[in-house]
Each structure stands twice: as structure tokens, then as C-alpha cells.
There are 2 protein chains.
Amino acid sequence: MKALVLPVLERPEGMTTHDYAFARLRQAIMVGAFRPGTSVTIRGLAEALESSPTPIREALRQLTSIGALDFLENRRIVVPRITPARFEELISLRIVLESHAARRAVAHLSDRQIDRIVAIDEAIEAAILDGQKAAALIANQEFHRQIYMANPDQVAMPLIESVWLQLGPILGIAMEHVTELYVVDRHREAIEALRRRDEDAVAEAIGADIREGIGGFDQQAIGKLLSLAR
Amino acid sequence: MKALVLPVLERPEGMTTHDYAFARLRQAIMVGAFRPGTSVTIRGLAEALESSPTPIREALRQLTSIGALDFLENRRIVVPRITPARFEELISLRIVLESHAARRAVAHLSDRQIDRIVAIDEAIEAAILDGQKAAALIANQEFHRQIYMANPDQVAMPLIESVWLQLGPILGIAMEHVTELYVVDRHREAIEALRRRDEDAVAEAIGADIREGIGGFDQQAIGKLLSLAR
DNA sequence: TTTCCAAAAATGTGATCACAAAATAAGAAT
DNA sequence: ATTCTTATTTTGTGATCACATTTTTGGAAA
């Protein structure tokens, strides 16, 4: 059993142990800190997070509910493996879900909010030019999230994040193999469409952005990686 | 504290207490056994299910992850209330998700599977003519599930069920107020399209089916109910 | 060296308990 | 009768323990 290293995450005062464990594990999986097939144990995580098994168990159970982990028949807890076919399904689901969420957010976005989204996009490009892959990835997620969450009655975000979580472990592999990221200019296209409040164009740009590369990672290259990583 | 009545559910041998509690509560919410705003307690459910609090807590936490329950700030556990706007978002999300899932299932459906789906549709109509609202609802979900699950690499079903769960409590109210159900013939349309393996037509039929009525319940009527039920 | 079997260790499950926070009930003051 | 305060009860949280199952280990047999 090798020592566990989880990306750090600030713990807000008053947050329960369970919520903290959930948030931290969730983030770890989302940014690809675990490889597909990795198995975790309740006691191991309890030790790593300096708590008792109880809240960890609850966090793990929640993570399975959103597809981030798998409780196998043997009672083993693992990070799910992904087949190329499943990968393709996940991407197409992202496209459908996110272009829909984007479309329904357009009418709610203020100019000020769009400015903030532009700032996030600049942060993404800065991270890419700097070669900071993990930072670019997180900023990219933030870019998308800020758009979808502008809709106050929005209900799709949790589902979208579930898909992100299922793609997370793949991103971890991609980050190891992809030497350099490229700037995705579909973001610019999306921003222009947002400014015009053009719902169709926004949906189209978001869809294309996902299709062409998941957050700076070339989609085809990842698909190829997948068939190798067995 | 009034006594809790949960729809019965068979417990397969070897199923853990936690899994059973999760499955049973989930089904109860899905078929509208709980009204929006209802609050539940860990100890109360533990007693009702004759177990200790531990597995119940895990089940409740999982249910919150999929939007079926809400842990409030005050630590109260409630069945979420739904606003008309949220309701509309959920319906439009259903349309997007399910027409996509249906489309991607078409190529995988064998004639034998389609026959089974036809049989389910007949069961729905029988239940409707018989006035068995709950049975019609469950059969209707089964109709949709059988289509989407035909795709072996499918990843959308858990998300779709999450949306169903969020709509569940509304269905409970609808069942109380709607006196009679009507047969939705969009199912026939979907079946015809399935036989022709016409993806566009299938997606269109499923979308229309959802738009016109959620499982036999008129959508507009429910929207009106919502604004009253406060 | 490989295969097989038994002992030991590790691991998930579920019950119980102490504790703190929240909700409710009860009584006093206005 | 109503409002406020205090005491009691309820409830979620997290730690701990016993148990059964699974996995791993270590050595014997082929």
C-alpha cells in the first residue's frame, strides 16, 4: 500500500468532516489525481484525512452515486476504468448536456458576468502558455461552470459535473502523456456569441469546444491513449 | 412524528442493509411517495427499516448526491421543493437527455427487444384503463428505461434517473389531483420509429412524449398544480 | 520453480455510544 | 392571549468495536 497523496484543499471552518472528505476526494478525482483502476480503502483514506472511517464511508458512497467511484461485488472500491466506447459516450453526453445548459444560460448573463468569464479565459491561456496543465484544466472547468450557473433555476450542473468526474481519471493519463497544450479559440467564439446573446451560436461554440478537445487536451489523442492504457 | 409508510420492496438475499435502504428509499421518492418539503430523520428511517442509523445515513447521503433529497444548513433532511421554473428546467432537461439516449440506443435494439418494449407499452395502457396510476407510472419508466439501456455503453441512464427522482415528488401530488389518465400515443409513434431504425424519428417521438405529458400526467396541469402547492 | 493450502492480516459492514447543535415544549413575564 | 426565556428532547456527527468476508502471506508438496 503506497502512501496516498491528495491535492490539498482548504477546509472552511464549520465544514463537517464528511463534507470535507467528499469535497477533497471529489476534486482529486475531477482533476485526474487517480488513475483508472486505482483502488482505495476506507481506512486508508481515513488515515490520510486524519479522521475515522465513518465520514469517509459516507463520502465514498456519495462518490459512487455520481459515477466517480465504483463499489465492486468483491466490496473493493475502485476508480472506474473506461473503454473507448464509454469515453465516446461520455463526450457526446457532455456535448448534449453542456450546449443545452449554455443555451439556457444566455438570457441570464449580464455584461459584468461575461467580463468575468473573459478574465477566466485569459487565465486559461496564461496557464497553457506557462505549461501549467492542472491549473489550465481547473480554469477551463471554471469557464464552463460560470456560463451554465448563470441560469438561476439551472438543474443540469450536477449532472454535468458527474460526467466531468467520470472523465477525470482519463485527464490524469492525458496530462502525463501530452507534452504541450494548445489554446482553444472556441472560447473566444463562445464569448462573442454570448455578447450578442445569440443562443444558437453559444450552443454551437460550446459543442465544438468539447468536440475538439477536452480542456486543451486533444480528444482523438485521448481516445488513442485509452485503447493503449489497459 | 407520524408513522412512516414506505412502498414495499423485495430484499434480495445477500443485499447489504445499506443497499436495501437506498433502493427502497429511492423507489419511494421516484414514485412520489413523499411530498415536497417532507422531512425525514435518520433514526426514524432506521426504525422503519429495522436497522441502525449507520446504513441509513449512507443511503440518505447517496440520495442527496443524486438530487433526491436535500441536507439543509440546519442539518434537516428534506424532500426538495420545486418551483415552477425549476420544474420547467427539469422537463427540458429530460427532453434533451432522453432524446439523446434514445437516439444512441436505436442501433442496438434487436427486434426481440422491441417486442418486449411493445409488451411494456401494452401494460401501461392496461394500467391506465384500469385507473392504476402508480402502476402506470412505474411501467412508463420501464418503457423508457428499456429503450435507453439497449445501448451497452450507455452512460446517460443514471443522469436520467436523477432527473426522474427530482420530479418524483411532483408526480405524487399529481397522482392525488389527476382523476383520470389518458393513453399517450407517442409511444406507438416511438415504437414504429424503432422498427424502422429511424434515429431522428425516435428522438422526436420521445421528446414529444415527454413534452406532452410526464407518464400520462398532463404537463401543463402539473405546472399549474405547482404554483398552487406552496 | 510452480502449485496449492492454511494461517494471518486487511477490509467493508453495521451497531452502539458520547457529544454538540437544533428543535420543541413548558412556563414565566408582559 | 401573546411573547420571550429556559429546560427537555430530538437529531445529526463522528469515533469505536465486533464480526464476517476477502485478500494476502508463507510454507509445504509436487
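No hydrogens, no waters, no symmetry mates; every other heavy atom, side chains included, goes into these values. Order of the sequence lines fixes the chain letters, A, B, ..., with proteins taken first and strands second; residue numbering starts at 1 for each chain. All of these numbers come straight from a predicted model, not from anything done at the bench.
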Looking at Gln27(B), I want to see if its CD is surrounded by more than 12 non-hydrogen atoms of other residues, nucleotides or ligands under 6.0 Å.
yes
Taking only the side-chain heavy atoms of Thr17(A) (C-beta and beyond), determine which of dG14(D), dT24(C), dG12(C) contains the nearest atom.
dG14(D)
Side chain of Ile42(A) only, please: which of dT23(D), dT13(C), dG12(D) is the nearest?
dT13(C)
Could you state the CZ-C1' distance from Arg76(B) to dA21(C), rounded to the nearest angstrom?
12 Å
How close or far is atom C1' of dG12(D) from atom CE of Met15(A), stated in whole angstroms?
16 Å
Rounding to a whole Å, what distance do you find between Phe71(B):CZ and dG12(D):P?
7 Å
Looking only at side-chain atoms of Thr41(B), point me to the closest of dT13(D), dT11(D), dA15(D).
dT11(D)
Can you check salt bridge (Lys or Arg N to Asp or Glu O under 4.0 Å) on Glu176(A) and Arg35(A), steps first, answer last?
CA-CA 11 Å; Glu176(A) 290 174 10; Arg35(A) 299 182 66 104; 2.7 Å; yes
Taking every non-hydrogen atom, the tightest pair across Val163(A) and Leu90(A):
CG1-O, 3.7 Å
Over all atoms of both residues, closest heavy-atom pair of Gln166(B) and Gly67(B):
CG-O, 3.3 Å
Enumerate the protein-to-nucleotides 5-7 of chain C contacts in which both atoms are nitrogen or oxygen and the separation is below 3.5 Å.
none

Quick one about Gln62(B) and Glu58(B) (side-chain donor to acceptor, distance below 3.5 Å, no hydrogens or angles considered), yes or no?
no
Rounded to whole Å, how long is the line connecting atom CG of Leu72(A) with atom C1' of dT11(C)?
13 Å
I want to verify a distance call: between dG12(C), dT13(C), dG14(C), whose nearest atom is closest to the Arg61(A) side chain?
dT13(C)
Here the distance between atom P of dT13(D) and atom CZ of Phe22(A), to the nearest Å, is 14 Å
Compare the minimum distances between each of dT13(D), dT13(C), dG14(C) and the side chain of His18(B), then state the nucleotide with the smallest one.
dG14(C)
May I ask you to check whether Asp153(B) and His108(B) show a side-chain donor-acceptor distance below 3.5 Å?
no
Compare all side-chain heavy atoms of His144(B) with those of Gln141(B) and state whether any distance is below 4.5 angstrom.
no
Do the side-chain N and O atoms of Tyr148(A) and Glu98(A) include a donor-acceptor pair separated by under 3.5 angstrom?
yes
Protein-nucleotide distance (Glu73(A), atom CD; dA20(D), atom P), rounded to Å:
21 Å
Does OP1 or OP2 of dA21(C) have a side-chain N or O of Asn74(B) closer than 4.0 Å?
no
Hey, does Ile66(A) have a side-chain heavy atom less than 4.5 Å from the side chain of Leu159(A)?
no
Taking only nitrogen or oxygen atoms into account, show me every contact under 3.5 Å that the protein makes with nucleotides 16-19 of chain D, one pair per line with its distance.
unit_1  : atom_1 : unit_2   : atom_2 : d
dT16(D) : O4     : Thr54(A) : OG1    : 3.3

Gap between atoms CD and P, on Glu58(A) and dG12(C) respectively (whole Å)
15 Å
How many whole angstroms separate atom CG of Leu60(B) from atom P of dT11(D)?
13 Å
